[in-house]
Protein chains: 2
Amino acid sequence: MERNTLSPATTLPADASRMSRPQRAAAAIKDWVVERGMRPGDRLPGESELMAHFGMAKGTIREALRVLEAQGLIRTRTGPGGGAFVNEVTEARARALLGNYFYFNEISIRDIYELRHALEPLLVAQLAGTLGEGQLEQLAAVMTAYETPPETIDEAEQHRMAELDFHALLASFSENALLRFQCRFLFSLLKELTICRKIYRREIPGFRKAGRDYQSRLLQALREGDSGAAKAIMRAHLNAAQTTMEQQESVVLRQFLSESEER
Amino acid sequence: MERNTLSPATTLPADASRMSRPQRAAAAIKDWVVERGMRPGDRLPGESELMAHFGMAKGTIREALRVLEAQGLIRTRTGPGGGAFVNEVTEARARALLGNYFYFNEISIRDIYELRHALEPLLVAQLAGTLGEGQLEQLAAVMTAYETPPETIDEAEQHRMAELDFHALLASFSENALLRFQCRFLFSLLKELTICRKIYRREIPGFRKAGRDYQSRLLQALREGDSGAAKAIMRAHLNAAQTTMEQQESVVLRQFLSESEER
DNA sequence: AGATATTTGTTCGTATGTATT
DNA sequence: TAATACATACGAACAAATATC
């Protein structure tokens, strides 16, 4: 059974005419690797061989390899037996690269929660009844991180991060790689967006406890294989969280505006 | 109002210790750009200045710039007034980079349609009543590409691509950048996955006409601002399409298996 | 149209670092 | 410890592209 699901050439823009030489070289090496059906861990030819094969100087080849490295497609090691090796793109790197795109595309809390509403109820409905005891325990273990009320702002922030970890862990259990990634990307946004970071450092009475309650009930439904209940609990949880987050968002924005006026 | 929604440093792995020099340089340049709040179009210092500033040789700096170029964050021009310029990451590049991740994570037609079911009904429900006449006309224009039955296999394939373009165009009208991207990424997968490409080159009686009917009714609902109807039509459309695609998938796979046995 | 200045792009030679044997 | 095989880094020179006059 063939494992390469994507066609080779189409993975990059490929407007060959106005690409710089190193970029072309990177594309060429990539295609060369794909054609050969090389798998993660396989070693690419050394720099000198690549120079000979593609008729380009060392510097150009090196720049090409760096391009592939930046995309997460290869890693290189020095020393004997070293060289460039095919590398499986990690989820973390994929998230980071995609994050660059949204650096320029303003997104709001509402945008994120719209997606959460669309994806997470589906996620838990699928997961209900399929999780092993070990997985359920992992989820419970994450929840212990915010068992007790936070005593400092820093601790409160950590709790919020751990709550997101709970959702991210849940998503990682999905069989659907697309669903898994898209959910987990949303959580990385919720962790990194500056507006969110500001919100996490505010007191929100009752929020932590309510979240834990939802998650406990969710675990119960997942254990019992009750898809409908899991979906309903998740929906309610998201509604509550979204309301709080959007309220806090407006508070933070007002704060920011009044601070601006003070100058 | 601040425009940078993501925190600077967190956008790349940043395990500085075991990063290569050019990678560190790339990260440093990136942070330097972010700190300065530089916007797309702004010019970075020339290579020689960067060499001086970061105390690295030309080759190293160039490799760093290539890394940033590969991520779509800069573009470079030669000649006087040339140099490296901050660049807005295009959606196409973001899709391509994310595609690399899924090159190693097998995804099925079912996976994709699960996401479509979650996202596209939401999309059209939001869009209902918000589209201008120009946008509705654009959608209708795409539909003319598969107005008449295809006469060759190539033409049939083109029709399928145009149908996907219809959905992609629809998604591009969403105000939600996340929803927009996630939908359009799914369509790029449907265009590029080898299994899909094989399916598109098969005769599927009635499929084209059924698709057009759905889309016509969808346009009507969108024009009338009937969210419920738009959602329902999209759901029905997706159900039908998914059934067909999965049927064809099993046919293609059986074909592939029997071809393997012949050897 | 053509000369020129500026800036990136490419190459080569050499030296250094690093991990294996 | 030493030899090796390989990537890594540097510096200088040259080539190509492109704006401006």
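Every value quoted in this text rests on a predicted model; they were computed, and no experiment measured them. In what follows, every chain begins at residue 1, and chains take the letters A, B, ... in the order their sequences are listed.
For D:dA7, the OP1/OP2 oxygens have no side-chain nitrogen or oxygen of B:Arg21 closer than 4.0 Å.
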Can you give me every donor-acceptor pair (side chain of residues 160-172 of chain A, partner residue at least two apart or in another chain, under 3.5 Å) with its distance?
unit_1   : atom_1 : unit_2   : atom_2 : d
A:Asp165 : OD1    : A:Lys191 : NZ     : 2.7
A:His167 : ND1    : A:Arg116 : NH2    : 3.2
A:His167 : ND1    : A:Glu120 : OE2    : 3.0
A:His167 : NE2    : A:His237 : NE2    : 3.2
A:Ser172 : OG     : A:Leu169 : O      : 2.6

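Pairs of residues two or more places apart, or lying in two chains, that qualify as salt bridge (charged side-chain N to carboxylate O under 4.0 Å, His left out) and include a residue from residues 172-187 of chain A are A:Glu91-A:Arg184. Applying the side chain to side chain donor-acceptor pair (under 3.5 Å) test to pairs two or more places apart or on separate chains, those with a residue in residues 73-88 of chain A are A:Glu69-A:Thr76. Within the structure, every pair that satisfies the salt bridge (charged side-chain N to carboxylate O under 4.0 Å, His left out) test and touches residues 43-59 of chain B, not counting sequence neighbours, is listed here: B:Glu47-B:Lys58, B:Glu47-B:Arg62.
Comparing the end axes of the helix from C:dG2-D:dC21 to C:dT21-D:dA2, each fitted to five base pairs by superposing C1' atoms of four pairs onto the next four, gives an inter-axis angle of 10° (nearest 10 degrees).
To the nearest angstrom, P of D:dC10 lies 14 Å from CD of A:Glu63. Taking atom CZ on A:Phe85 and atom C1' on D:dC6, their separation rounds to 10 Å, with Å as the unit.
Residues passing the side chain to side chain donor-acceptor pair (under 3.5 Å) test with A:Glu155: none are found, sequence neighbours excluded. Residues passing the ring pair (Phe, Tyr, Trp, His ring centres under 6.0 Å) test with B:Phe54: none are found, sequence neighbours excluded. In this structure, B:Glu147 has no salt bridge (charged side-chain N to carboxylate O under 4.0 Å, His left out) partners at least two apart in sequence or on a different chain. With sequence neighbours excluded, no residue satisfies ring pair (Phe, Tyr, Trp, His ring centres under 6.0 Å) with A:Phe173.
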Protein proximity profile, nucleotides 13-21 of chain D - base contact B, sugar-phosphate-only contact S, no contact -, cut-off 4.0 Å on heavy atoms: ----BBB--

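Close approach of DNA chain C to chain B, defined as any atom under 4.0 Å from a non-hydrogen atom of the protein, starts and stops at C:dA5 to C:dT10.
Between A:His53 and A:Trp32, the angle of the ring planes goes over 60°, which puts this pair in the perpendicular group of the 30/60° scheme.
Within residues 42-55 of chain B, no residue has any heavy atom under 4.0 Å from DNA chain D.
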